[in-house]
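Order of listing sets the numbers, starting from 1, for every ligand and every atom in it.
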Amino acid sequence: MGQLQKLTGMPAADLLEAYGKYLFPKLANQMTAMSLNFDGAIDLLCSLESIIHKEVIKLYPDAELPSFDIDKINDNEILMEYRSCRPFAHLAKGLIDGCGDFYKQNLTVSMKHCNTDTDFHTLIYVRQT
Ligand code: HEM
């Protein structure tokens with residue numbers, strides 16, 4: 001990441017977001033191969049922890065997954081609580097943006113970092129407009 005930052009002059013957060021956006025359609029193909037289908041972005045994000053990453057860990061027991069607590073405010077708004085031992089909240093933001101593009105839905109995504117000394121903790125608010 002440090003090398004890429006030097007090469008591109010882009011901040012790490014922007015690189016992670018761009019990578020997440022690029023990566024999402026590839027993960028979506030993987031999901032279809034796993035016979036997982038969703039009605040749209042909010043539906044998928046609500047199932048991220050309970051279905052998607054749960055299936056991922058069965059297939060790849062060594063995968064290092066973050067945890068997401070999802071609070072569904074209503075059909076168009078959710079609050080995602082990201083926790084990880086790795087600082088990849090901006091990768092999550094890029095994946096969520098890519099997910100909106102994939103379903104051709106307009107998502108507004110905002111983040112509030114609440115990191116501590118021991119874990120990376122970010123609140124991610126997503127609204128479909
Ligand atoms: C918008 C939807 C998704 C979000 C926001 C998301 C978020 C993330 C993030 C942020 C990580 C990095 C690890 C960390 O932060 O500690 C991660 C890891 C991972 N995700 Fe997801 N993910 C999504 C969908 C998917 C899908 C659809 C798949 C595959 C079908 C997938 C498979 C994986 C795998 C295999 C890893 C572990 C990589 C490793 O071991 O280093 N994710 N996910």
Side-chain angles (χ1 to χ4, degrees):
M1 183 61 73
Q3 287 295 339
L4 206 53
Q5 264 180 277
K6 270 187 214 152
L7 277 172
T8 60
M10 281 169 77
D14 293 358
L15 287 170
L16 281 169
E17 287 184 22
Y19 180 58
K21 213 168 166 173
Y22 160 84
L23 188 62
F24 186 84
K26 296 170 198 333
L27 292 178
N29 284 339
Q30 180 83 9
M31 255 177 2
T32 311
M34 291 154 80
S35 303
L36 296 177
N37 291 296
F38 301 96
D39 291 341
I42 297 283
D43 183 35
L44 181 145
L45 294 172
C46 285
S47 309
L48 177 55
E49 178 87 3
S50 57
I51 300 179
I52 301 174
H53 277 173
K54 197 170 168 186
E55 288 303 312
V56 166
I57 205 76
K58 284 188 205 161
L59 290 173
Y60 309 104
D62 293 335
E64 293 189 46
L65 297 172
S67 80
F68 284 98
D69 258 348
I70 314 287
D71 181 7
K72 188 169 183 183
I73 302 166
N74 58 47
D75 285 350
N76 300 315
E77 285 176 283
I78 55 171
L79 186 63
M80 306 173 72
E81 197 169 348
Y82 165 93
R83 278 182 198 275
S84 175
C85 56
R86 299 189 290 179
F88 289 157
H90 285 275
L91 177 65
K93 159 93 168 60
L95 286 165
I96 295 165
D97 288 340
C99 179
D101 291 350
F102 182 79
Y103 287 106
K104 298 187 172 46
Q105 292 174 330
N106 196 31
L107 300 182
T108 304
V109 185
S110 43
M111 296 201 291
K112 184 179 191 303
H113 296 293
C114 317
N115 297 336
T116 68
D117 286 346
T118 48
D119 79 346
F120 293 95
H121 178 202
T122 302
L123 296 175
I124 308 175
Y125 168 76
V126 183
R127 183 157 62 98
Q128 187 191 330
T129 53

Arg86 N/O to ligand 1 N/O under 3.5 Å:
yes
Look only at the side chain of Glu49 and the backbone of Phe68, and say whether a donor-acceptor pair between them is shorter than 3.5 Å.
yes
Interatomic distance, Leu79 atom CG to Ile124 atom CD1 [nearest 0.5 angstrom]:
9.0 Å
For the CG atom of Leu48 and the CG atom of Leu65, what is their distance to the nearest 0.5 Å?
9.0 Å
In this structure, atom 33 (C) of ligand 1 is nearest to the protein heavy atom His53 NE2, 3.8 Å
Could you verify whether a donor N or O on one side chain and an acceptor N or O on the other, from Asp119 and Thr116, lie under 3.5 Å apart?
yes
Locate the shortest heavy-atom distance separating Pro87 from Leu16; write the atom from each residue and the value.
O-CD1, 4.0 Å
Any idea which protein heavy atom is nearest atom 9 (C) of ligand 1, and the distance to it?
Pro66 CG, 3.7 Å
Just which atoms of ligand 1 are under 4.0 Å from any heavy atom in Gln30?
30 (C)
Considering only non-hydrogen protein atoms, determine which one is nearest to atom 35 (C) of ligand 1 and report residue, atom name and distance to 0.1 Å.
Val56 CG1, 3.4 Å
Given side chains that start at C-beta, do those of Met1 and Lys6 come closer than 4.5 Å, heavy atoms only?
no
For atom 25 (C) of ligand 1, which of the options Asp62, Leu27, Leu16 provides the nearest non-hydrogen atom?
Leu27
In the protein, what heavy atom is nearest to atom 40 (O) of ligand 1, and what distance, to one decimal place, separates them?
Glu64 N, 2.9 Å
Option set Met31, Lys26, Met34, criterion heavy-atom distance to atom 27 (C) of ligand 1, minimum
Met31
Can you pull out the closest protein heavy atom to atom 15 (O) of ligand 1? Residue, atom name and distance to 0.1 Å, please.
Tyr82 OH, 2.5 Å
Per atom 4 (C) of ligand 1, closest listed option by heavy atom (Asn29, Leu23, Leu48):
Leu48
Separation between CG of Leu44 and CZ of Phe102, rounded to the nearest 0.5 Å
9.0 Å
Look at atom 10 (C) of ligand 1 and say which protein heavy atom is nearest, naming residue and atom and giving the distance to 0.1 Å.
Phe88 O, 3.6 Å
Ser84, portion touching ligand 1 at heavy-atom distance under 4.0 Å:
side chain
Indicate yes or no: at least one non-hydrogen side-chain atom of Asp75 is less than 4.5 angstrom from one of Ile42.
no
Option set Leu44, Asp97, Ile96, criterion heavy-atom distance to atom 2 (C) of ligand 1, minimum
Leu44
Measure across Met34 and Leu59 and return the closest heavy-atom pair with its distance rounded to 0.1 Å.
CE-CD1, 3.9 Å
What protein heavy atom sits nearest atom 6 (C) of ligand 1, and how far off is it?
Leu95 CD1, 3.3 Å
Could you measure the distance from the CZ atom of Phe88 to the OG1 atom of Thr122? Nearest 0.5 Å is fine.
12.5 Å
Using a strict 4.0 Å cut-off to heavy atoms of Ala63, name the atoms of ligand 1 that fall inside it.
37 (C), 40 (O)
Do Lys21 and Phe24 meet the cation-pi criteria used here (NZ or CZ under 6.0 Å from the six-membered ring centre, within 45° of the axis)?
no
of all protein heavy atoms, closest to atom 19 (C) of ligand 1 is Leu65 CD2, 3.3 Å
For ligand 1, does Leu45 get within less than 4.0 Å through its side chain, its backbone, both, or neither, judged by non-hydrogen atoms?
side chain
